[in-house]
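Before we start, here is the structure in question, set down as structure tokens.
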Amino acid sequence: MSRSSIRRPFIAGNWKMHGSQATNAALLAGLKAGLPNLPKGEAGDDAAEIAVFAPYPYLDQVSRLAAGSRLAWGAQDVSRHAVGAYTGEVAASMLRDFGCRYALVGHSERRSLHGESDALVAEKFSALETVGIVPALCLGETLAERQAGDTLKVVFRQLDAVLAVCGAPALLAYEPVWAIGTGLTATPEEAQAVHLALRAHVAARDAAAAERLRIVYGGSVKAGNAAALFAMPDIDGALVGGAALDADEFLAICRAINV
Ligand code: PGA
């Protein structure tokens, strides 16, 4: 059985705080035009799932423009609260209300710039699961942590915080902090080692869930380095930042998936 028949590859663009109605429309039009040319799976179906994570105000625009295409979409964050006096927050039920299927939680920019703790990330994860949205749990070590030999200790701690309160995740994004937006990428072997360790960590609790778990890599993924990353057996796709803002570059990354 091929890997793609167990775990459908997932390639997503994290738009971060970029975009306007005009640039989003142009980017989505470019993506939709290129989607039919992406590789097919063994059964002739769409091999990879392609998604974009857009800023909140544009989710409705993205949902309308993606409708009827194979493009999935999601939010970049969520409140840990279900409802109430939380000015500026967006509840998981609100995302669900208009069909959101995915949301990022624990992106390193949320952890470092907004002080999000492992416990808060776990609460957000749980809020999403409660309403049926698939959380894409982001985890990764800083350069200092890697140099200290603490990479696995850090990502296991981040994962264990979620495992303590929720079931096994379905989607992880391993994003070494030192590789995000820097042009530095983990080598395919470095990324593979962490992905394999994460899968084994989940397998210790739930072997079947670990087999199905999609673990995507993020951190300066580009058309030029994507194929080598995707060739690794435990790298099931990518979470792409900067290169996802250019339709041709993002489509080239999608074409690099070897299913
Ligand atoms: P990058 O961002 O591809 O620009 O490094 C990835 C991410 O932060 O998700």
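Numbering starts at 1 and runs along the sequence shown. Remember, it's 1-based here, ligands and their atoms both numbered in the order they're listed.
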Original post:
Aromatic ring centroids of Tyr102 and Phe10 under 6.0 Å?
Top reply: yes
Original post:
Who's touching ligand 1 if we go heavy atoms under 4.0 Å?
Top reply: Asn14, Lys16, His107, Glu175, Ala179, Ile180, Gly181, Gly219, Ser220, Leu239, Val240, Gly241, Gly242
Show the atom names and distances, to 0.1 Å, of all donor-acceptor pairs under 3.5 Å that link a side chain in residues 127-138 to residues at least two apart or in another chain.
residue, atom, partner, partner atom, Å
Thr130, OG1, Ser126, O, 2.7

Original post:
Going by heavy atoms in the side chains, are Arg146 and Val194 under 4.5 Å from each other?
Top reply: yes
Original post:
Would Asp118 and Arg111 pass as an ion pair if we require N to O under 4.0 Å?
Top reply: yes
Subject >> Side-chain H-bond candidate by donor/acceptor type, Asn24 with Gln61, under 3.5 Å >> reply: yes
Original post:
Does a side-chain N-to-carboxylate-O contact under 4.0 Å join Lys153 and Glu141?
Top reply: no
